[in-house]
Amino acid sequence: LEDGIVPAWMDLKFLQVWAGDIPLGYLNEAREDVDSDGPPGKVKVSRTMEGKSDERGTRKVVVQNQENRLIFRDPLQLEPNAMVDLGWAIRGICYRGARLVLGPRPGAWVEQVPGD
């Protein structure tokens with residue numbers, strides 16, 4: 001491509017980030033990378049157990065900025081309108097620049113998401 005620009009995108013259902021057709025990994029965390037008066041906004045993906053035999057886990061996505069702290073259920077279980085809200089919330093943190101932490105698994109295991 002011209003000028004070395006590679007299109008990157010994220011599959012919201014699986015929270016998997018791609019560069020063109022190459023999978024880069026699952027979104028585990030994103031931090032706003034801009035100077036602001038307050039703490040930077042962030043996105044954190046965690047996995048929790050929903051039963052004794054839940055091997056994959058159920059993801060929770062926490063989106064936090066200066067004004068709000070939103071907790072979304074697993075994107076695979078969201079209704080269409082809630083999925084749109086999740087996309088806009090992640091965009092609100094990342095659109096001016098963000099540092100992404102990607103990994104081979106969809107979020108770190110936690111016992112419980114704080115505030116859930």
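- Linking Ile, Leu, Val, Met, Phe, Trp and Tyr residues whenever their side-chain heavy atoms come within less than 4.5 Å places L100 and V43 in a single cluster.
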Between side-chain atoms of residues 72-82 and protein atoms elsewhere (two or more places apart, or another chain), which donor-acceptor pairs fall under 3.5 Å?
residue	atom	partner	partner atom	Å
R73	NH2	Q77	O	3.3
R73	NH2	E79	OE2	3.1
D74	OD1	R59	NE	3.2
D74	OD1	R59	NH2	2.8
D74	OD1	L76	N	3.0
D74	OD2	R59	N	3.1

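- Between I71 and R69, the closest side-chain pair of non-hydrogen atoms falls below 4.5 Å.
- Looking at every heavy atom in both residues, L12 comes nearest to G87 through CD1-CA, 3.7 Å.
- Annotation for A89 and L70: closest pair CB-CD1, 4.3 Å, computed over non-hydrogen atoms.
- Among residue pairs with one or both ends in residues 22-31, those qualifying as side-chain hydrogen bond (donor to acceptor under 3.5 Å, both in side chains) are E29-R31; sequence neighbours excluded.
- Distance CE/M10 to CG/L102: 9.5 Å, rounded to 0.5 Å.
- The main-chain N or O of G107 is never found under 3.5 Å from a side-chain atom of S46 such that the two would form a donor-acceptor pair.
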Pairs of donor and acceptor atoms involving the side chains of residues 14-24, under 3.5 Å and at least two apart or interchain, shall be tabulated with distances.
none

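- Distance check, rounded to the nearest 0.5 Å: NZ of K13 to CE of M83 gives 4.0 Å.
- In this structure, the separation between CG on L86 and CZ on R91 is 14.0 Å, given to the nearest 0.5 Å.
- In terms of heavy-atom proximity, I93 sits nearest to A30 at CG2-O, 4.4 Å.
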